[in-house]
Every structure is written in structure tokens, then in C-alpha cells.
Amino acid sequence: MIDTQRPVTGEEFFNRSETLERLLSIGRNYALIGLRKSGKTSILYEFEKQLKKPETLPVHIYLLFSETERSFLTKYTAAVLHSFLEQNPGTGSATIEPRENLNDLIVKTIEHLPALASDLIAMLNELDKKPDTVIANRILDLPYLLSKHTGNTLIIILDEFQVVQNFNIDIIDLLRQKIQTQRDVYYVVAGSAIGMMQGILGSSVSPLFGHFEILSVGSFDYNWSRCFVTTHINRSRLVIGEKLLNFLIATSGGFPYYLAVLVDRMIEYCHTSSLKQVNQKAIIHSFDREVFDINGKIFVYFTDSLENTFQRRNIGFHIEILKAVASGSTKQSQIARYTTKIPQELSRPLRFLEQAGLVTRNGVEYFITDPMLRTWLLAAYPLQMELSFIKDGKRLDAFDRKIEEMISTYRGELGKGSESRVRELFRDFGGLELHHTKLPKFTQVEQRVINSNEFDIVARYGEHYWIAEVKSGNITVADVNRFVEKLKKIEYTIDSTLIIALAGIDTKALRIAEENNILVWNRNDVNFLMKLCGKFPILV
């Protein structure tokens, strides 16, 4: 069984080696930014596990959405003292929660470090008062005090750091002061509200601008997703076919949590049914139990996280906006028609949804960032929460049909060649932006033979043409030179020439392409547009 309830470490820790290496190079402040369930907390736990320097003390503090100034400062104090006592033999053990155990932590710390008695007693007394900037400033001094008296380097890990923006106390500016004035105390912060975290750390007007090295944490790429799934499937002495494996990766978006939850349920189904191979029924069963069932891990995760995200906001209105975007209403005017609101009413909630990382804006259009959330909004949530006139059994049947349709559509996509799929993409991506360039809306996209030379894509808008070559294998110098020679034989004006390198391109070949003003898109570029257009990615 896969433990999906807590962060993974050790042998279960997949990928992320580059991020981990950066964190382990102590001496800087780091920030991990990525969507929920992308594996940030697992990285932090593995970082703590591999941090084998006795003089370095990590302190991990997970911030809840419901955190208040008082609960944060209390949790901060207890976590720092608990970590110190755990690392120093002979001090005994203590637990962070509940609140009253803080007294014991302070007493044990004073026994070990009598020089801190007055500071710690003052902190304990102040935590009973209404929190203010002076009290918060004293509490945030605690790591430095311990470092100064012990010679240890402290690393303060603040998970879901964006929560501090909800406080009346300016924790962000206080943290800036500590970073600038204190030695041997470093900070690692992590956050899932991407827009908020980028504003806190990346905006030139933010107090913390320039103080953190930002590390992005995304979903697994195709190869690591495949490795993750097949490792767990093979351990259970099962096999899975290529099409179902790829469907699972595509619909999960490669997010490790979704993969773990669905694979665990598939394995259970196969063992109960005495199957040796994962079949379509096993896939559908896993979606039934985890995505559709109101007690399923993914269903509960989405409902809980949305409720936490929309605290003190109109949750129903925000979900209606998300449903509109999921269903294809991507422009503000379209979302307004779907929600029966005027466009001006949507500006603030759309900006909030973007900051929370739930939607991504491209040009003037909005898209659901997480593909599994999009599936849930389209297929599961409406059936469970809204269409109450459908009987329970019929609801499940309706959901199963939707998943079957998705699998059937995916099989159909796999039956097409990459060139054909990219041509379809060219017909749909008009108005989107890639690398800060707005893409045209083509009126004609086709494969064409010009002067005895075959071109994979000839796309026209007005009197302008894009000519593109699509390659599934690695592109070499010879491939680029051949394309250049073919282009010379075209008599009409070409607006842009493009090579789509789905498997990569040699460095020298890329240089020759640039010298000839040929754009190069890789598979990530194509799949970025595929995702925005609601299409399955090209995985291999």
C-alpha cells in the first residue's frame, strides 16, 4: 500500500534531486513555490532527513489556513524549543501540542541553558497577551538567541508561508529585519498560492525581495511519472498497458499525490478481483472511489482546500467561476455569461483565483491550472453537489460514462500521429501567448506539397503564412539544413518558420536554426498550448 496521508521520504522519495541539492547547500535562504500536492512538503522532510550536520538544527513549522497571530507565535516558539531539546541529549522529550506543553519546553530549555531564563519567561508571559509587533519581534529573535548560546546554525522552515499575509502583524517585514541583522539563522519557506508567494518574494516593492533564492516545484515530468507508477505497480506484481498508463499520467497532470492515490486504489481493486493486469475497470474504479465519492481522498482534498482558500469569501460564486473556466468559458465576457454576472464583478475574484494558483491567465484568457481539478469540476462536483434529482446509482453511472469518454478520447488521440495532433493544435491556439508572443488565429492549416517538397504544416491567416516542420525524433544539423533548403523553394512570403522538436534538438542544430531565423518549440511548449486548449499532452 502507498501511504498517501503523509509526506514521503527515503526509498519512497522520487525525483527532486536537483532541488534537494540546492537546499542542502546551507548558507542561503530558499523558497519553494508550487501548487498543492506537488511534493513541496516531501522535499522539506527529505531535506531534514538528509541534513546530517550535528551543528545544524532544522525547525519545521507548518502553517494552517486558519492560523492566527497568537497560534502562529505559540507554534513558532514551541517548534524551535522542541527541535533544540530533541537534538540535545539529556534534555528529555516533549511534544509541541497541545498549547500547555509549552511551559514544560521552556522549563527544560532553561535547565539546559540558564542564560536564556529571562528571555524565555518573558516570551511565555507575552504569549498570553494580545499579539503585537513588539511581541512578534521578540518571538522571532528566539532562533538567534539559541544560535548565539549554542553555536548551532538554525534553519527555520515555514510551510505554507503565504498564510502570514492574513495577519495584522507585518511578519514579512519583521522577517526581513531578522535576515538582515542576524547570522547563523536561515529560512526555507514554501507556499502553494503561487501568485501570492511570487508577490511576497519576487516583487521589487516587497520587503523580502532579493532575500530568497526561489525554487519552483512542479509536477513530475513524463519519465518520472512513469517511473513512479510502474514502480508501485510492479511491486504489487501487476502490469499496466501503455495506453492506460499514459492516460493516468495525462489526467493526473503528473502530480505525485494524485498518482499515489489512484494507483493505490487500482492495486487494491486488482488484488480483490484477482487480476494480474490493470484494466480499464480498475482505472474507472479508482476514479469512482477517490475522485467522485464524497469520502474519496481527492474529492475531500478539493472540497477542503477550496473551503480553506475561500475563507471569508463567497465560495459558491468562486466555484461557479472555476466551473465556467473548466467548461471552456475562458474569457471574462464568457465567464460573465456563464455566471450571469457583469464582467466588472469578475475582475477581483479572477485576480484572487490567479494569485491562489487555481487559474492561470494567458493573454485575456483564463485556464484551470490543475488538470485533475478541471476533471473534478467538470465530471464529479456537479453530479455530487448539484444535480440532486439524479438518483445515487445513476449519478455514478453518469460519472463512469464521463471517464469512459475521456479514456476513449485519449485512445483516439494516441491513434493519431504527432504531426496530425500538432496541426489540430494550430487550428485552436489563436489568441494564446507563448514566450510573450501572441499566436495568430489561422484560417487554414494543412499539410501541403510545394514545388515537390512536403511540409508538415502550412498555416495561413490573411496573406501571412507560417511554415512548420514537426519531428518526433531528435533534430540534427542535417534536419535543419534540409528544412532550410526546402524553404528556399517557396515563392510566396513567409511570416514565420518553425521547427517543433518533440524529442529535442542538438546544440549545433539549434544554433543553425537561430541563424536562419527559424523558431524552435520543444515538447514542453507544445504541451503548454495543448493543456490550455483542453487537449491531452504529447507524452512520448
Side-chain angles (χ1 to χ4, degrees), residues 29 31 57 59-85 94 96-110 112-150 152-189 191 196-197 199-201 203 205-212 311-312:
N29 303 307
L57 177 64
V59 181
H60 195 145
I61 304 163
Y62 187 89
L63 305 184
L64 302 174
F65 286 98
S66 57
E67 211 76 67
T68 63
E69 291 94 334
R70 184 186 299 278
S71 68
F72 166 70
L73 294 174
T74 301
K75 182 182 288 187
Y76 188 96
T77 306
V80 172
L81 296 180
H82 181 266
S83 296
F84 165 72
L85 292 169
I96 297 174
E97 302 293 349
R99 162 70 175 87
E100 53 267 27
N101 282 337
L102 182 59
N103 292 331
D104 295 333
L105 291 170
I106 287 178
V107 169
K108 290 178 180 179
T109 304
I110 291 173
H112 198 72
L113 287 174
L116 289 183
S118 60
D119 290 298
L120 291 173
I121 291 171
M123 288 179 192
L124 183 62
N125 292 332
E126 289 183 334
L127 284 171
D128 288 328
K129 302 175 183 177
K130 182 180 179 181
D132 58 21
T133 300
V134 174
I135 292 173
N137 187 61
R138 182 187 287 272
I139 299 300
L140 293 179
D141 270 338
L142 180 56
Y144 176 66
L145 292 174
L146 282 174
S147 173
K148 189 168 66 172
H149 283 84
T150 64
N152 289 337
T153 296
L154 274 79
I155 300 176
I156 309 301
I157 301 169
L158 299 172
D159 207 344
E160 294 300 348
F161 177 63
Q162 74 276 352
V163 170
V164 302
Q165 275 201 316
N166 299 330
F167 300 161
N168 293 321
I169 301 171
D170 193 348
I171 298 295
I172 293 172
D173 190 55
L174 287 175
L175 192 59
R176 174 195 60 81
Q177 296 174 33
K178 304 308 174 190
I179 289 172
Q180 289 181 327
T181 60
Q182 297 178 353
R183 295 180 58 187
D184 297 322
V185 179
Y186 297 98
Y187 296 86
V188 176
V189 300
M196 294 178 187
M197 288 293 290
I200 292 171
L201 301 168
S203 171
V205 298
S206 171
L208 293 181
F209 177 72
H211 289 294
F212 284 79
Q311 284 182 10
R312 298 185 296 276

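Worth knowing before you read on, the calculation uses all heavy atoms, side chains too, and leaves out hydrogens, waters and symmetry mates.
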Contact list for residues 163-185, test ring pair (Phe, Tyr, Trp, His ring centres under 6.0 Å), sequence neighbours left out: F72-F167
Qualifying residues under salt bridge (Lys or Arg N to Asp or Glu O under 4.0 Å), relative to D141, sequence neighbours excluded: K178
All side chain to side chain donor-acceptor pair (under 3.5 Å) counterparts of Q165, not counting sequence neighbours: none
Least distance between heavy atoms, I156 atom then Y76 atom: CG2-CE1, 3.8 Å
Close side-chain approach of V163 to L158, heavy-atom, < 4.5 Å: no
Inter-residue atom distance R176.CZ - T181.OG1, 0.5 Å rounding: 9.0 Å
Polar side-chain atom of K108 near backbone of H82 as donor-acceptor pair, under 3.5 Å: no
Contacts of S83 that satisfy side chain to side chain contact (heavy atoms under 4.5 Å, CB included) - sequence neighbours left out: L57, V59
Salt bridge (Lys or Arg N to Asp or Glu O under 4.0 Å) partners of D170, counting only residues at least two apart: none
Close side-chain approach of L145 and M123, heavy atoms under 4.5 Å: yes
Stepwise side chain to side chain contact (heavy atoms under 4.5 Å, CB included) test for S71 and K75: CA-CA 6 Å; S71 68; K75 182 182 288 187; 5.9 Å; no
Test side chain to side chain contact (heavy atoms under 4.5 Å, CB included) applied to Y186 and V188, step by step: CA-CA 7 Å; Y186 297 98; V188 176; over 6 Å; no
Ring pair (Phe, Tyr, Trp, His ring centres under 6.0 Å): pairs with one or both residues in residues 115-134, sequence neighbours excluded: none
Taking every non-hydrogen atom, the tightest pair across V80 and P143: CG2-CG, 4.3 Å
Nearest-0.5 Å distance that lies between atom CG in D173 and atom OG in S206: 9.0 Å
Taking every non-hydrogen atom, the tightest pair across F209 and S203: CB-O, 3.1 Å
Exceeds 12 heavy-atom contacts within 6.0 angstrom, atom CG of N125: yes
With sequence neighbours excluded, residues passing salt bridge (Lys or Arg N to Asp or Glu O under 4.0 Å) with E160: none
Heavy-atom pair of closest approach, residues F161 and I200: CE2-CG2, 3.8 Å
Gap between atom OG1 of T133 and atom CD1 of I169 - 0.5 Å precision: 5.5 Å
Exercise: identify the closest heavy-atom pair between S147 and N152: OG-O, 2.7 Å
Reported CG-to-CG distance for the pair L113 and D119, which is rounded to 0.5 angstrom: 11.0 Å
Candidate pair V134 and N137, rule side chain to side chain contact (heavy atoms under 4.5 Å, CB included), full reasoning: CA-CA 5 Å; V134 174; N137 187 61; 5.7 Å; no
Atom pair CG (L140) and OG1 (T77), whose distance is rounded to the nearest 0.5 Å: 8.5 Å
Under 3.5 Å: donor-acceptor pair, side chain of T150, backbone of L146: yes
Residues which pass salt bridge (Lys or Arg N to Asp or Glu O under 4.0 Å) with E126, listed by chain and number, not counting sequence neighbours: R138
Nearest heavy-atom neighbours spanning A136 and L174: CB-CD1, 3.7 Å
Results of side chain to side chain contact (heavy atoms under 4.5 Å, CB included) for I179 - residues two or more places apart only: N29, L175, Y187, L208, H211, F212
Interatomic spacing from NE2 in H112 to CG in L85 - rounded to 0.5 Å: 8.0 Å
Set of side chain to side chain contact (heavy atoms under 4.5 Å, CB included) partners for S118, sequence neighbours left out: none
With sequence neighbours excluded, residues passing side chain to side chain contact (heavy atoms under 4.5 Å, CB included) with R70: T68, T74, P131
